[in-house]
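Some notes on the structure that comes next.
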Amino acid sequence: MSLLVVGSVAFDSVKTPFGQADDVLGGSATYFSTSASYFTDVRLVAVVGDDFPDKHIDFLKSKKIDVAGLERTTGKTFRWKGQYSFDLNEAQTLETHLNVFQSFKPKLPESYKSSEVVFLANIDPDLQREVVGQVNAPKLVAADTMNFWISGKRDSLIKTLKHVDILFINDAEARQLTGKANLVKAAREIVSYGPKTIVIKRGEYGVLLFHGTSVFSAPAYPLEDVFDPTGAGDTFAGGFMGYLTWAGDFSEATLRRATVVGSVMASFNVEAFSLERIKALEDREIKHRYKEFKRMSHFEDLG
Ligand code: AMP
């Protein structure tokens with residue numbers, strides 16, 4: 001199966017208690033596709049400005065990411081500026097400049113229209129719908145979003161969710177979207193908007209997967225040095241969706257493994273700024289950390 005993603009490709013400026021990085025490669029679709037590329041072929045839909053250097057496009061190509069749908073136009077690339085306090089769980093957005101995304105009218109290359117799995121990464125929900133509407137017969141549609149769109153374009157987001165099977169969202173955003181403080185109630189409310197499966201990301205406390213009547217809980221990897229959480233959510237979703245696409249089935253057992261694969265990929269990403277840690281991972285590192293997750297979460301019957 002093939003995996004298509006639409007989302008932001010960005011320049012990020014990030015400050016954490018441990019350092020600072022300016023105008024580095026970021027964006028929801030960049031993190032997602034890099035992470036997913038370890039498991040499957042990825043087709044990218046996004047727009048960048050004429051200030052976007054070839055070296056970043058060459059990097060995406062080096063990960064075998066299909067960039068036929070990455071438009072380059074006159075203007076400035078999307079820019080995001082954020083900071084984190086000692087509680088690294090929540091980013092504080094300082095600046096969002098949509099720039100070339102403001103007038104982006106995505107037109108899918110013919111070769112993308114047969115994609116079976118679609119991921120609507122964090123971007124304007126109008127764009128998310130425009131892209132999914134151009135795919136012929138998607139078997140699975142997943143999406144992510146953030147506070148910026150929940151407060152700025154709620155009605156459009158709710159419309160997008162009608163087309164979505166799996167929603168990735170963090171705990172604060174789930175509460176903001178539904179008005180429910182309790183995450184179990186929030187997940188149930190989101191199911192009434194369309195998605196059947198809800199993945200609630202809880203930063204250093206791990207992930208909750210709600211699927212039908214079952215709930216699965218995965219921890220976050222207890223890292224001693226978390227450097228920069230930017231992109232953790234997108235990297236999680238990339239590992240999750242990349243693995244799911246590779247596995248080719250959407251059973252509960254596969255969804256659970258995908259949740260752990262996503263957690264593994266996110267755990268690497270937070271070890272460095274930008275994509276520095278996930279740009280050149282080795283398969284054995286991914287498999288080794290997956291085993292560590294299994295060992296860390298395993299327990300015996302009470303007897
Ligand atoms: P996360 O995985 O939630 O940490 O996502 C961080 C990435 O999201 C950064 O690389 C930003 O460039 C990107 N981003 C931040 N705000 C927005 C937005 N409003 N729309 C799309 N992408 C965004």
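Whatever order the structure lists ligands and atoms in, that order sets their numbers, starting from 1.
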Hey, which atoms in ligand 1 end up nearer than 4.0 Å to a heavy atom of Ala10?
12 (O)

So, the side chain of Thr160 versus the backbone of Pro125: is there a donor-acceptor pair under 3.5 Å, distance only?
yes

To check your reading of the model: name the closest protein heavy atom to atom 21 (C) of ligand 1, its residue, and the distance in Å.
Asn122 O, 3.0 Å

Centroid separation Tyr290 to Phe293 less than 6.0 Å
no

Under 4.0 Å from any heavy atom of Gly27, which atoms of ligand 1 are there?
9 (C), 10 (O), 12 (O)

Donor-acceptor pairs under 3.5 angstrom involving side-chain atoms of residues 180-189: please list them, not counting sequence neighbours.
| residue | atom | partner | partner atom | Å |
| --- | --- | --- | --- | --- |
| Asn182 | OD1 | Val184 | N | 2.9 |
| Asn182 | OD1 | Lys185 | N | 3.0 |
| Glu189 | OE2 | Tyr193 | OH | 3.1 |

Verify the ring-centre separation between Phe11 and Phe52: is it less than 6.0 angstrom?
yes

What pairs of residues pass the side-chain hydrogen bond (donor to acceptor under 3.5 Å, both in side chains) test when at least one of them lies in residues 5-22, not counting sequence neighbours?
Ser8-Ser28

Flag, side chain of Asp165 to backbone of Val141, donor-acceptor distance under 3.5 Å:
yes

Could you identify the single nearest non-hydrogen protein atom to atom 22 (N) of ligand 1 and state the distance to 0.1 Å?
Ser8 OG, 2.8 Å

Could you tell me if the side chain of Phe250 sits less than 4.5 Å from the side chain of Val117, heavy atoms only?
yes

Contacting atoms of ligand 1, where contact means under 4.0 angstrom from a heavy atom of Ala232
2 (O), 4 (O)

For ligand 1, which atoms have a heavy atom of Phe148 less than 4.0 angstrom away?
19 (N)

To the nearest 0.1 Å, how far is atom 7 (C) of ligand 1 from its closest protein heavy atom, and which atom is that?
Asp234 OD2, 3.7 Å

Tell me whether Phe101 reaches ligand 1 (any heavy atom closer than 4.0 angstrom to a ligand atom).
no

Determine the sole option in Asp23, Asp51, Asp50 for which the side chain to side chain donor-acceptor pair (under 3.5 Å) test with Thr77 is passed.
Asp51

Considering heavy atoms of the protein only, find what lies nearest to atom 20 (N) of ligand 1 and give residue, atom and distance to 0.1 Å.
Trp149 NE1, 3.2 Å

Looking only at non-hydrogen atoms, the one of Ala46, Ser13, Gly231 nearest atom 4 (O) of ligand 1 is Gly231

So do the side chains of Phe78 and Val47 get within less than 4.5 Å of each other, counting heavy atoms only?
no

Per-atom contacts, ligand 1 versus Met146 - under 4.0 Å to a heavy atom:
15 (C), 16 (N), 17 (C), 18 (C), 19 (N)

Would a distance-only check, ignoring hydrogens and angles, find a side-chain to backbone donor-acceptor pair under 3.5 Å from Asn269 to Thr230?
yes

Could you tell me whether Gly26 and ligand 1 have an N or O pair separated by under 3.5 Å?
no

Residue-level breakdown please: for Asp12 versus ligand 1, do any non-hydrogen atoms fall below 4.0 Å on the side chain, on the backbone, on both, or on neither?
side chain

So if I count the atoms of ligand 1 from 1 in the order they appear, which ones are less than 4.0 Å from some heavy atom of Gly233?
2 (O)

Suppose we measure from atom 15 (C) of ligand 1 to each protein heavy atom; which comes out shortest, and what is that distance?
Trp80 CD1, 3.3 Å

For Phe11 and ligand 1, answer yes if some heavy atom of the residue is under 4.0 Å from a ligand atom, otherwise no.
no

